[in-house]
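What follows is a set of notes on a single structure, which appears directly below.
All ligand and atom numbering here is 1-based and tracks the order in the structure. These values consider heavy atoms only, across backbone and side chains, with no hydrogens, waters or symmetry-generated copies.
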Amino acid sequence: AAKEAGKNQVVEFSPRMREARLRHAELAASLRAALAADALTVLYQPIVDIRSGQPVALEALLRWRTADGRNVPPSQFIAVAEEIGLVVDVGCKVLRDATAQASTWHARHDVAVSVNVSARQLSSPSFATDVLTILADRSLPPAALIIEITETVLVEAAGAAGELAQHALTALREQGVRIAVDDFGTGYSSLAYLQRLPIDILKIDHTFTATLDSPGERGERFVGAILGLGSSLGVPTVAEGVETARQAALLRELGCPLAQGYHFARPCPPEGILDYLSTPVALRASLS
Ligand code: C2E
Ligand code: MG
Ligand code: MG
Ligand code: MG
């Protein structure tokens, strides 16, 4: 009877599943075309010293402009890119763009570029050498690059893939590339991974920043605890998604050294970077 019910369920859901599969296939095809047509672009968002407002890094954030003018956010296509085996190509494109941009500002501004990397990309056997080759092509020192990985990336990179990923991170770190743990606090086994992986930067997920707006001190205690973890590990912490002056003030009080969010600056196209970097902070604040 259970088998029968199961069968019925499959029949019942099949049109919806077929539709989902179609949408997936369509998305996959247009993503392939987008990569070929260079319709994937990168925006750059400052990560700043929370006291001075000075940028210390720019995070590369991928955008997909479709032919009909829509802007598809990465949350809607990175997973598909992973599934159809396109994420390594997409990731390479982002790394090339981001390092090309970084080389336009690096001589004058000591500001790193921070690039998000997915699980597949990280466990591709040539990842570390690809990254080092790209840096050399751009004449950029490895210290100019930060690689952002999420805890999920490490969980997904289990077994042999996980070992490849760990080797890649170790090899890059030995050369001076810094590793940031992104969206910290939202994944599984956060602490276990932190214990095993040597890291350089901890990025507190925006959901924790948002709790600073709730009444009571629970949000502050949580953020404070994560900041404490960062300082025990000897790594600086970035608060993500800082949207208000009040959040920034609370974070300063709690001793958070770095921040990223609309309150400081929105992601901007590469044409705006040099202007941004050479505008004094005081002037920038009065403009925003
Ligand atoms: P993320 O790495 O945590 O990046 C921060 C996200 O927060 C970005 O979303 C950014 O636009 C957004 N953000 C920045 N400041 C604020 C703020 O004050 N308030 C709010 N509500 N949001 C803010 P975005 O650009 O949509 O990217 C989403 C995620 O997609 C990223 O999260 C990252 O995990 C992934 N992603 C982006 N670019 C790439 C890429 O090149 N490769 C890979 N594998 N993943 C990427
Ligand atoms: Mg990130
Ligand atoms: Mg994040
Ligand atoms: Mg996030």
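- The main-chain N or O of Leu212 is never found under 3.5 Å from a side-chain atom of Glu220 such that the two would form a donor-acceptor pair.
- Interface of Val94 with ligand 1, defined as ligand atoms under 4.0 Å from a residue heavy atom, comprises 41 (O).
- Counting non-hydrogen atoms of neighbouring residues, nucleotides and ligands closer than 6.0 angstrom, the CZ atom of Arg252 exceeds 12 such neighbours.
- Counting heavy atoms closer than 4.0 Å to ligand 1, residue Pro267 contributes side-chain atoms (C-beta onward) but none from N, CA, C or O.
- Nearest N, O or S atom of Asp183 to the Mg ion (ligand 3): atom OD1.
- At a 4.0 Å heavy-atom cut-off, ligand 1 touches Val242 through the backbone alone.
- When non-hydrogen atoms are compared, ligand 1 lies under 4.0 Å from the side chain of Arg63 (C-beta onward) but not from its backbone.
- Between Glu240 and ligand 1, an N or O atom pair is found at a separation short of 3.5 Å.
- Neither the backbone nor the side chain of Gln260 has a heavy atom within less than 4.0 Å of ligand 1.
- Remark: ligand 1 and His263 share no N or O pair separated by less than 3.5 Å (distance only, no angle test).
- Between OE2 of Glu59 and OE1 of Glu148, the angle at the Mg ion (ligand 2) works out to 90°, rounded to 10 degrees.
- Contact detail for Arg173 and Pro198: the closest heavy-atom pair is NH1-CB, 3.2 Å.
- Under a 4.0 Å criterion applied to the non-hydrogen atoms of Gln45, ligand 1 contributes the atoms 14 (C), 15 (N).
- Which of Leu61, Leu122, Thr207 comes nearest to atom 10 (C) of ligand 1 through a heavy atom is settled by distance: it is Leu61.
- Among the atoms of Gln121, none of the N or O lies under 3.5 angstrom from an N or O of ligand 1.
- Taking a cut-off of under 4.0 Å to the non-hydrogen atoms of Asp182, the atoms of ligand 1 that pass are 1 (P), 2 (O), 3 (O).
- Residue-level check: among N/O/S atoms of Asp182, OD2 sits closest to the Mg ion (ligand 2).
- The number of heavy atoms from other shown groups lying within 6.0 Å of CZ (Phe222) does not exceed 12.
- At a 4.0 Å heavy-atom cut-off, ligand 1 touches Leu62 through backbone and side chain alike.
- Tracing side-chain contacts under 4.5 Å through hydrophobic residues (I, L, V, M, F, W, Y), one never reaches Ile201 starting from Tyr44; they form parts of separate clusters.
- Closest of all the heavy-atom pairs between Ala259 and Val242 is CB-CG2, 4.0 Å.
- Checked by atom type and distance alone, the side chain of Asp200 pairs as donor or acceptor with a backbone atom of Ile179 at under 3.5 Å.
- Taking the Mg ion (ligand 3) as reference, Glu240 places its N/O/S atom OE1 nearest.
- In His206, neither the side chain nor the backbone holds a heavy atom less than 4.0 Å from any atom of ligand 1.
- No side-chain N or O of Gln247 forms a donor-acceptor pair with one of Thr209 less than 3.5 Å apart.
- Taking 2.8 Å as the threshold, Asp205 does not count as a candidate ligand of the Mg ion (ligand 3), since none of its N, O or S atoms lies below it.
- Each of the atoms 16 (C), 17 (C), 18 (O) of ligand 1 lies under 4.0 Å from some heavy atom of Gly241.
- Thr237 approaches Gly230 most closely through the heavy-atom pair OG1-CA, 3.9 Å.
- The proximity of Ile78 to ligand 1, defined as any non-hydrogen pair under 4.0 Å, is limited to the side chain.
- Within the 3.5 Å criterion, the main-chain N or O of Pro257 finds no donor-acceptor partner in the side chain of Arg51.
- Among Ala239, Pro74, Ala265, the residue whose heavy atom lies closest to atom 36 (N) of ligand 1 is Pro74.
- For Leu251 against Ala239, the heavy-atom pair with the smallest separation is CD1-CB, 3.6 Å.
- Looking at Phe127 and Ile147, their side chains come closer than 4.5 Å, going by heavy atoms from C-beta outward.
- Checked for salt-bridge contact, Asp89 and Lys93 miss the test: no charged N lies under 4.0 Å from a carboxylate O.
- Close N/O approach between Tyr262 and ligand 1 is found [any backbone or side-chain N/O within under 3.5 Å].
- At a cut-off of 2.8 Å, Asn116 is counted among the residues with an N, O or S atom near the Mg ion (ligand 2).
- Not one N or O on the side chain of Thr104 forms a donor-acceptor pair closer than 3.5 Å with the backbone of Ala100.
- Close approach to Ser118 involves these atoms of ligand 1, each under 4.0 Å from a residue heavy atom: 44 (N).
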